[in-house]
Structures are given as C-alpha cells and as structure tokens.
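Working notes for the structure below.
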Amino acid sequence: MGQPQRVRVKDWHPPGHIRAPHYLRGKTGEIERELGPFANPEELAYGHKASRRRLLRVRFTMGELWGAEAENPADILEAEIYEHWLDPINAT
Amino acid sequence: MPHDHHDHSHETDGLSPSGHPYQPDQDHKITRWQTMEIAMRELLIEKGIITAAEITATVEQMDRRSPADGAKVVARAWVDPAFKARLLENGTEAIRELGVEPGVLKLIAVENTSAVHNVVVCTLCSCYPRNLLGLPPDWYKQRAYRSRVVKTPRKVLSEFGLELPDSVQVRVHDSTADMRYLVVPQRPDGTDGMDETALADLVSRDAMIGVAVARHL
C-alpha cells in the first residue's frame, strides 16, 4: 500500500448550500477512506436532479487547521468532503 | 420588606405577593419557518395526503427513540471481537445483525483506545445517529459546542469532566455530509464477568458522542 493521497480543500467561497465547512477551506490533509458516490447536496438542496459525486473522509492535523493556536498539533480532525472540493497534491 | 407594601400594584414592581420576582414567560412570536410548517401540515391534512393521527404517531416514534440501541451495539462490540471488527469495518451492515434497522443511516463506528479518544460533532447543523441514539441533546445543536469542539476539543471535554492526558490523541469527527458516527468507548476495567445487558447499562449517550467515557463500577 502506498502513502495516503494528500489533498487540499479548495478555497472557494460560492454562495448557497455547501457542505465543505469554511474552517477547512484551503487546508491540506490526507484521504482517510473513500465513502463511495452520494447525491451532491449542493444540487439536492435546491430540488435539482443531483449528480452523484464521490465522498471522501479527509484527515487533518489540528496543527494544520489552527497553527500555533492548536491545543495539541498532533490531534486529528476528520471530515467528509466531496471530491469536487478537493485538489490532489502530488508527492514530490 | 415587600410584604409590607400592599398599597401599590404588584404588576408594576414585578414581584409576586411573597416578594419574589416573576420569571418571565417564555412565550415568543412564532417564526416564519414555524408558520410555514403549520401551513404545510394543515394543507397536507386538508387534502387528505396524510392524517393528523399519522403525524402524531411519527412524532411519538421519534420521541421514543433512545440511546438504548446504541448501548446494545457497544456492549456487543465489547464481548464479541469479530462483531467489533465488522462494526468498525462497516457500521451500517453490522448494526443489522442486532436487529437495528439503519434506514437511511450510514454509520461509521470509531473505537476509543488507551491511545485514541474520539468525539463527534456536526459543525454545519446537527447531524446525529438518531436511529441509534434517539434525539440529540440540546448542547449538541448549539453553536458553542459546534464551533469550539473542532478547535479546542480538550478544553471542551474538560468542561464535560473529561481530562485527557497528552499521550492520548484526540480525533474529532465532523459529520459534514452523509455519514453518522458512533463512538465505541473503552470497556471499563473489572467488568469481565458481566453480561451484555449489564454492560449496556454502563454506556451513556454522552459516551457514544465521545464527551464522556463508559461508567465505571
């Protein structure tokens, strides 16, 4: 098994119903697991026929999220993010 | 003493006849969304799409749900390592084995160990595994918990009475989308001889959210 895929949450700020929380935008983490395809809530919320998007669990360190304000930088936060909100970061 | 002043109106001084301040009534105007809900409900009944009795039955069913099913799942995981492995692998399928119908619930179970403590939040609203835990507590839905536990989980947990040593890693799970989370707390020491029913009594709602540990004997 290779290293977990590293990803960055897009720093988008579109209006409307979005399930990528603000505090995670622009932050870097790694894929913890794949959850499969789900109806895209950004379309579902407006009664549109929703497309299926891959949902992923992303693991962030508290140090990445909060910098020097983190209580313990090695603590973890995990959240579900839709694939269209994630940019892969290629290992160098 | 207020008791001595019977010559003026008690309504103006805000005190009861025994001299205590009245607690204000909590009546407030209904909100736009409450109005919309009532209008929609009345229309659905008027048009014969659903009955008032069906609405009452559904509300009662929602109110009846309790953390008991969640506790049953945890107790089984404590006594049956193979079940625990299946639960951690695919929570949705595993709870069916205990007769808990997941419905639309997609469950991820996370296990507390001596090295990891898990805690669950929904920062965007109040997503909660209602099939397993019943209705969420009020604090779970409030901004204070939702905004603080993702940034200062150790501080928030200490306010719940749970002090974690630095050697334990905290993992906060933000239910941002379609999954719901169940924390499997650590089995307390000295419970080796207990059966599943007795073990389930040690598992509180808060322990399954991750703001507490299982009760010790």
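Convention: sequence-line order gives letters A, B, ...; per-chain numbering from 1.
Of the two parts of A:Ile18, only the backbone, made up of N, CA, C and O, holds a non-hydrogen atom closer than 4.5 Å to a non-hydrogen atom of chain B. Looking at B:Lys155, both its backbone and its side chain come within 4.5 Å of chain A, counting heavy atoms on both sides. Heavy atoms of A:Pro21 lying under 4.5 Å from chain B belong to its backbone as well as its side chain. The contact between B:Val168 and chain A is made entirely by backbone atoms, counting heavy-atom distances below 4.5 Å. Using a 4.5 Å cut-off between heavy atoms, A:Leu77 contacts chain B through both its backbone and its side chain.
No salt bridge links B:Glu89 with B:Arg86; every basic N to acidic carboxylate O contact stays at or beyond 4.0 Å. Note on B:Glu159 versus B:Arg148: salt bridge recorded, some NZ/NE/NH1/NH2 to OD/OE distance being below 4.0 Å. Ionic pairing of B:Arg76 and B:Glu196 is present here: one or more N-O contacts between side-chain nitrogen and carboxylate oxygen are shorter than 4.0 angstrom.
Remark: the A:Tyr82 side chain and the B:Asp178 side chain contain an N/O donor-acceptor pair separated by less than 3.5 Å.
Your options are B:Thr123, B:Asn118, B:Val119, B:Thr152, and the one with the most heavy-atom pairs under 4.5 Å with chain A is B:Thr152. Of the listed residues A:Leu65, A:Leu35, A:Ile81, the one with more heavy-atom pairs under 4.5 angstrom with chain B than any other is A:Leu35. Counting heavy-atom pairs under 4.5 Å between each of A:Arg59, A:Arg57, A:His22 and chain B puts A:Arg57 at the top. Residue with the most contacts toward chain A among B:Val121, B:Leu124, B:Val116: B:Leu124 (heavy-atom pairs, distance under 4.5 Å).
Using cut-offs of 30° and 60° for the angle between ring planes, the B:Tyr145 and B:Trp139 rings count as perpendicular.
Here the side chain of B:Lys106 pairs no donor or acceptor atom with the backbone of B:Thr92 at under 3.5 angstrom. Under a 3.5 Å cut-off, the side chain of B:Asn131 and the backbone N or O of B:Glu101 do form a donor-acceptor pair.
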